[in-house]
Amino acid sequence: MNVILSEKKPFWVVTHKFAVDYFTEIAKRLKHAWIPFPEPLMYSPVYRDITLGAKVLYSFMLNRTLDWTENPFHTNKQFYNTNDEVYVTFPLDEAVDLLQYSTAKTKKCYEELLRLHMIDRKNKNEYFVLCNEDMLKYKIDS
């Protein structure tokens, strides 16, 4: 049974006025409900072979690393060591819940990110999220 999403919920064309006048305010209100997804993960050939699950997990982890606002989703999950290096807690069961993957498939996402040196393990549930300037670019240079 194929259901067209627009039949369930209405979509509309985003106008310039909406984008300029309203989206900033909406983004402020929803800032803890949106997870930024680094655009290079989708478009850069460097990251082409990474699975979507690993990209999404990395986005969750990077967001937790960079967001030091009063975000209830990140409360008591961000830390830094004596070298001022930020690390985050991201237990497997939390990732399973967020990704809606099996435990085995979620473990493969962690293993992929570790193998690619996009994250580094501090201990069982804590990780350093490694970030390069690509991840902080809004648009990729062509």
Side-chain angles (χ1 to χ4, degrees), residues 1-15 18-142:
M1 180 175 176
N2 290 340
V3 176
I4 299 171
L5 189 57
S6 62
E7 291 175 359
K8 290 276 191 188
K9 299 222 178 216
F11 283 81
W12 62 90
V13 174
V14 174
T15 64
F18 174 82
V20 172
D21 295 346
Y22 300 109
F23 186 74
T24 302
E25 183 59 31
I26 291 169
K28 284 179 188 174
R29 285 190 225 155
L30 297 176
K31 79 178 185 180
H32 299 312
W34 295 50
I35 300 295
F37 191 94
E39 195 171 314
L41 289 177
M42 293 306 289
Y43 299 113
S44 175
V46 174
Y47 308 105
R48 182 166 290 144
D49 296 330
I50 301 172
T51 63
L52 184 59
K55 290 176 182 182
V56 172
L57 178 59
Y58 179 81
S59 297
F60 276 113
M61 295 175 91
L62 181 62
N63 186 52
R64 183 168 291 174
T65 302
L66 299 176
D67 184 6
W68 285 82
T69 64
E70 293 180 21
N71 185 338
F73 184 69
H74 299 169
T75 302
N76 298 320
K77 295 178 182 176
Q78 300 163 307
F79 308 93
Y80 58 94
N81 62 20
T82 56
N83 295 328
D84 202 36
E85 298 166 326
V86 175
Y87 59 96
V88 295
T89 58
F90 224 103
L92 179 63
D93 59 338
E94 183 177 0
V96 166
D97 186 50
L98 288 170
L99 295 174
Q100 298 180 15
Y101 281 178
S102 68
T103 299
K105 189 171 181 178
T106 303
K107 281 182 181 178
K108 286 182 181 179
C109 292
Y110 277 104
E111 291 165 6
E112 185 176 358
L113 294 174
L114 287 163
R115 186 179 72 254
L116 294 169
H117 304 287
M118 294 176 74
I119 64 173
D120 194 12
R121 188 182 302 271
K122 182 176 188 297
N123 60 42
K124 183 179 178 187
N125 290 321
E126 295 177 332
Y127 299 87
F128 292 101
V129 182
L130 308 177
C131 184
N132 61 23
E133 67 178 29
D134 283 351
M135 294 304 150
L136 302 178
K137 288 182 183 176
Y138 177 68
K139 292 282 184 191
I140 307 171
D141 300 329
S142 302

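Residue numbers count from 1 along this sequence.
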Q.
The criterion is salt bridge (Lys or Arg N to Asp or Glu O under 4.0 Å); which residues satisfy it with Lys77, sequence neighbours excluded?
A. Glu94

Q | Atom pair CG (Asp120) and CD (Glu126), whose distance is rounded to the nearest 0.5 Å | A | 12.5 Å

Q. Taking side chain as C-beta onward, heavy atoms only, is Val96 less than 4.5 Å from Ser102?
A. no

Q: Can you see which heavy atom on Pro38 is nearest to which on Leu62, and at what distance?
A: CG-CD2, 3.8 Å

Q) Do Tyr127 and Phe90 have their ring centres less than 6.0 Å from each other? A) no

(Q) Could you check whether any side-chain heavy atom of Leu92 comes within less than 4.5 Å of a side-chain heavy atom of Tyr110, counting everything from C-beta outward? (A) yes

(Q) I'd like to know whether CG of Asn83 has more than 12 heavy-atom contacts from other residues, nucleotides or ligands below 6.0 angstrom. (A) yes

Q: Check the pair Tyr47, Leu116 against side chain to side chain contact (heavy atoms under 4.5 Å, CB included), reporting the backbone distance first and the verdict last.
A: CA-CA 10 Å; Tyr47 308 105; Leu116 294 169; over 6 Å; no

**Q.** Tyr58 OH to Asn63 CG distance, which is reported to the nearest 0.5 Å
**A.** 11.5 Å

Q: With side chain to side chain contact (heavy atoms under 4.5 Å, CB included) as the test, would you mind laying out the steps for Glu85 and Tyr80 before giving the verdict?
A: CA-CA 5 Å; Glu85 298 166 326; Tyr80 58 94; over 6 Å; no

Q | Side-chain heavy-atom pair Phe79, Lys122 within 4.5 angstrom cut-off | A | no

Q: Start with the C-alpha gap between Lys108 and Tyr101, add the side-chain angles, then the distance that decides, and say whether side chain to side chain contact (heavy atoms under 4.5 Å, CB included) holds.
A: CA-CA 10 Å; Lys108 286 182 181 179; Tyr101 281 178; over 6 Å; no

Q. If every non-hydrogen atom of Ile50 is compared with every non-hydrogen atom of Glu112, which pair is closest and at what distance?
A. CA-OE2, 3.2 Å

Q) Without hydrogens or angle criteria, can the side chains of Thr65 and Gln78 be said to hold a donor-acceptor pair below 3.5 Å? A) no

Q. Taking all non-hydrogen atoms of both residues, which atom of Thr106 and which atom of Ala95 are closest, and how far apart?
A. CG2-CB, 3.6 Å

Q. Looking at Cys109 and Leu99, what are the two nearest heavy atoms and their distance?
A. SG-CD1, 4.4 Å

(Q) What's the separation between atom CG in Leu98 and atom CE in Met61, rounded to the nearest 0.5 Å? (A) 11.0 Å

Q) Which heavy-atom pair separates Ile119 from Val129 by the least distance, and what is that distance? A) CG2-CA, 4.3 Å

Q.
Keeping Arg64 on the side-chain end and Thr89 on the backbone end, is there a donor-acceptor pair under 3.5 Å?
A. yes

(Q) For a side chain to side chain contact (heavy atoms under 4.5 Å, CB included) check, start with the C-alpha distance between Val86 and Phe128, then their side-chain angles and the critical distance, and finish with the verdict. (A) CA-CA 7 Å; Val86 175; Phe128 292 101; over 6 Å; no

Q. Taking all atoms of both residues into account, what is the closest heavy-atom pair of Met118 and Leu41, and its distance?
A. CE-CD2, 3.9 Å

